[in-house]
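Beneath this line is the structure, given in structure tokens, with notes to follow.
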Amino acid sequence: EDKVVQSPLSLVVHEGDTVTLNCSYEVTNFRSLLWYKQEKKAPTFLFMLTSSGIEKKSGRLSSILDKKELSSILNITATQTGDSAIYLCAVPSGNTGKLIFGQGTTLQVKP
Amino acid sequence: DVKVTQSSRYLVKRTGEKVFLECVQDMDHENMFWYRQDPGLGLRLIYFSYDVKMKEKGDIPEGYSVSREKKERFSLILESASTNQTSMYLCASSSSLISLTYFGPGTRLTVL
């Protein structure tokens with residue numbers, strides 16, 4: 001059965017800290033891995049990763065995929081209170097594009 | 001800009017009522033999905049559709065049905081709402097070519 005597991009489930013840090021969120025997956029016919037950020041509304045897209053070892057970057061956020069280890073990390077440097085959110089990792093399953101989600105990591109950044 | 005819209009942001013219904021949640025996307029996407037999100041359980045797939053009039057059960061279809069009569073519209077139906085269906089419902093869509101999935105704003109349903 002396809003599975004996505006995220007760790008930690010929750011994290012509390014102070015502004016300026018750097019955080020690393022983890023995502024591991026077991027999926028047949030892997031094609032891509034997606035990261036989303038969810039505040040008090042719908043998830044918004046952050047990154048789509050398809051190739052191993054190539055870092056994707058957007059401002060203070062970056063992510064990389066390791067197909068050998070079947071995992072991905074999401075890094076946030078110099079965290080701000082606006083980074084407080086649930087971070088979701090998802091992998092498409094099957095041919096229909098349905099996403100298998102991890103449980104999410106709830107990040108709280110304190111001032 | 002991709003847009004996925006849902007008919008209501010907040011909804012309060014009584015046990016036993018029939019509930020319709022509507023979702024519309026404007027990107028001509030083939031795939032549409034209904035998820036529910038509960039604290040500690042993450043997003044769970046209820047139903048999805050990969051073409052008009054086609055539907056597939058997700059992980060938790062019990063108590064729900066869906067309808068896709070037009071490509072842009074995917075409806076979730078609770079035939080007889082129960083209190084354990086109180087949740088956040090998220091609609092999503094994607095194209096068949098890439099798996100990038102876009103989400104609607106969500107409907108927070110409370111069943112009393």
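Every chain is numbered from 1 and lettered A, B, ... according to where its sequence line falls, protein lines coming before strand lines. Everything numeric here is computed off the predicted structure, so don't read it as measured data. As a basis for the values below, the full set of heavy atoms in this structure was taken, side chains included, without hydrogen atoms, waters or symmetry mates.
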Indicate if [X] and [Y] have the same hydrophobic cluster label, given that clusters are the connected sets of ILVMFWY residues with side-chain heavy-atom separations under 4.5 angstrom.
X	Y	answer
A/Leu70	A/Phe47	yes
A/Met48	A/Ile64	no
B/Val66	B/Val19	yes
B/Phe74	B/Leu11	yes

Has [X] got more than 12 heavy atoms of other residues, nucleotides or ligands less than 6.0 Å from its [atom1]?
X	atom1	answer
B/Asn84	CG	yes
B/Lys57	NZ	no
B/Arg108	CZ	no

Which pair of heavy atoms, one from [X] and one from [Y], lies closest together, and at what distance?
X	Y	value
B/Gly104	A/Ala42	O-CB, 2.5 Å
B/Leu100	A/Tyr36	CD1-OH, 4.2 Å
A/Leu34	B/Thr101	CD2-N, 4.3 Å

(Q) Using the rule given for side-chain contact (heavy atoms from CB on, under 4.5 Å), can you reason through A/Leu99 versus B/Tyr35, listing the C-alpha separation, both sets of side-chain angles and the distance that settles it, and then say yes or no? (A) CA-CA 10 Å; A/Leu99 294 177; B/Tyr35 291 90; 3.5 Å; yes

Return the [atom1] to [atom2] distance between [X] and [Y], rounded to the nearest 0.5 Å.
X	Y	atom1	atom2	answer
A/Lys41	B/Leu90	NZ	CG	12.0 Å
A/Ile100	B/Leu43	CD1	CG	11.0 Å
A/Lys98	B/Asn31	NZ	CG	11.5 Å

Q: Check each atom of A/Gln6 against the heavy atoms of chain B and say whether the ones under 4.5 Å are side chain, backbone, both or neither.
A: neither

Q) So what's closer than 4.5 Å to chain A heavy atoms on B/Gln37: side chain, backbone, both or neither? A) side chain

Q) Which of the residues A/Pro43, A/Gly102, A/Pro92 is involved in the greatest number of heavy-atom pairs with chain B at under 4.5 angstrom? A) A/Pro43

